Amino acid sequence: MSLSAFLAQNVETTTHVEAFIASTRFKIDNEPVSWQLQSITADVDKSIRKSSTKHVPVPGKRGQFTKDTDYDLYLTKLCVACIKYPDLNSKELQDSYGVMCAEDLLGKMLLPGELNNLQMKVQEINGYSTSMDELVEEAKN
């Protein structure tokens with residue numbers, strides 16, 4: 001058995017979805033505009049997850065902390081990292097919605113159902129077979 005399939009030069013490149021319609025409300029010539037999404041690496045995901053996690057004190061245990069991940073923030077940051085078009089870091093776009101960061105912009109641009117559909121698509125292109133919401137619900141039970 002050869003290790004050649006695992007060599008970096010032989011691995012398929014990241015998933016690129018060019019025709020995802022995040023919302024039918026954004027139109028050019030009366031046609032919905034496609035958003036461009038791209039998967040990220042596990043290292044980038046780890047960084048996003050870490051930036052969405054805070055240490056909270058354990059009640060009654062002085063000096064002990066536990067990690068608490070804000071999954072809504074994580075999914076929003078994951079979406080922002082995967083969206084290549086439109087450029088959510090565009091000052092012009094952020095100014096038009098009155099926000100100062102890409103995460104807030106995404107929340108202003110999309111309706112709740114549209115954001116949920118985008119989050120599911122982003123999870124899919126990143127190899128998650130089960131949505132994060134389902135995983136959270138499963139962990140609660």
Side-chain angles (χ1 to χ4, degrees), residues 1-29 31-141:
M1 211 182 289
S2 171
L3 290 176
S4 65
F6 297 98
L7 298 177
Q9 65 269 23
N10 296 332
V11 178
E12 290 182 14
T13 58
T14 56
T15 305
H16 192 75
V17 180
E18 291 197 30
F20 180 72
I21 306 294
S23 173
T24 58
R25 297 178 303 119
F26 305 103
K27 298 179 180 182
I28 294 179
D29 297 329
E31 292 292 322
V33 177
S34 297
W35 292 37
Q36 294 178 3
L37 308 176
Q38 186 173 2
S39 59
I40 58 172
T41 64
D43 288 340
V44 173
D45 183 67
K46 181 179 178 182
S47 175
I48 293 170
R49 191 174 305 276
K50 185 175 182 179
S51 71
S52 303
T53 302
K54 60 184 176 183
H55 294 281
V56 293
V58 176
K61 303 282 185 170
R62 190 171 158 203
Q64 291 187 4
F65 296 85
T66 185
K67 291 181 181 180
D68 182 33
T69 301
D70 181 341
Y71 286 103
D72 290 332
L73 179 60
Y74 167 74
L75 287 174
T76 300
K77 287 183 173 197
L78 180 63
C79 286
V80 167
C82 293
I83 295 170
K84 299 305 170 195
Y85 180 82
D87 178 7
L88 299 180
N89 291 305
S90 161
K91 182 178 177 353
E92 179 183 7
L93 191 56
Q94 289 179 5
D95 287 349
S96 75
Y97 284 89
V99 298
M100 297 182 68
C101 70
E103 290 82 7
D104 291 345
L105 176 60
L106 193 57
K108 290 278 189 180
M109 290 177 73
L110 298 175
L111 299 173
E114 295 168 342
L115 181 58
N116 187 56
N117 290 338
L118 175 64
Q119 289 171 340
M120 288 190 303
K121 185 62 174 180
V122 164
Q123 289 175 77
E124 177 187 315
I125 68 168
N126 281 292
Y128 293 108
S129 58
T130 307
S131 76
M132 189 60 67
D133 291 334
E134 291 172 0
L135 292 173
V136 169
E137 281 304 312
E138 184 179 311
K140 287 180 182 178
N141 294 330

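The residues of the chain are indexed from 1 along the displayed sequence. Please read these numbers as outputs of a predicted model, since none were measured by experiment.
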- Item | Side-chain donor/acceptor of D45 to backbone N/O of I40, under 3.5 Å | no
- Exercise: identify the closest heavy-atom pair between P32 and S23: CB-O, 4.4 Å
- Minimum-distance pair of heavy atoms, taken over all atoms of T53 and K67: CG2-CB, 3.8 Å
- Task: Mind checking the CG-CD spacing from D87 to E92? Nearest 0.5 Å is all I need.
- Result: 10.5 Å
- Query: Hey, what do you get for OG (S52) to NZ (K50), rounding to the nearest 0.5 Å?
  - Reply: 12.0 Å
- Note on the structure: Value for CG (L106) from CD (E114), rounded to nearest 0.5 Å, stands at 10.5 Å
- Task: Take R49 and Y71 through the side-chain contact (heavy atoms from CB on, under 4.5 Å) test and state the conclusion after the steps.
- Result: CA-CA 9 Å; R49 191 174 305 276; Y71 286 103; 4.2 Å; yes
- Item | From L105 atom CG to M100 atom CE, the distance as rounded to the nearest 0.5 Å | 12.5 Å
- Message: Show the nearest heavy-atom pair for residues L110 and R25, with the distance to one decimal.
- Response: CA-NH2, 3.7 Å
- Task: Check whether more than 12 heavy atoms from other residues, nucleotides or ligands sit under 6.0 Å from atom CD1 of I28, and answer yes or no.
- Result: no
- Message: Counting C-beta onward and ignoring hydrogens, is there a side-chain heavy-atom pair between F6 and V11 closer than 4.5 Å?
- Response: no
- Note on the structure: Rounded to the nearest 0.5 Å, the CG atom of L88 sits from the CE atom of M109 at a distance of 6.0 Å
- Which residues share a side chain to side chain contact (heavy atoms under 4.5 Å, CB included) with S47, sequence neighbours left out: none
- Message: In the structure I gave you, are the side-chain heavy atoms of L118 and W35 within less than 4.5 Å of one another anywhere?
- Response: yes
- Taking every heavy atom of Q119 against every heavy atom of L75, the minimum-distance pair comes out as NE2-CB, 3.7 Å
- Query: When rounded to the nearest 0.5 angstrom, what distance separates CD in Q38 from CG in N126?
  - Reply: 9.5 Å
Donor-acceptor pairs under 3.5 angstrom involving side-chain atoms of residues 76-86: please list them, not counting sequence neighbours.
unit_1, atom_1, unit_2, atom_2, d
T76, OG1, D72, O, 2.9
K77, NZ, S51, OG, 3.1
K84, NZ, A81, O, 3.2

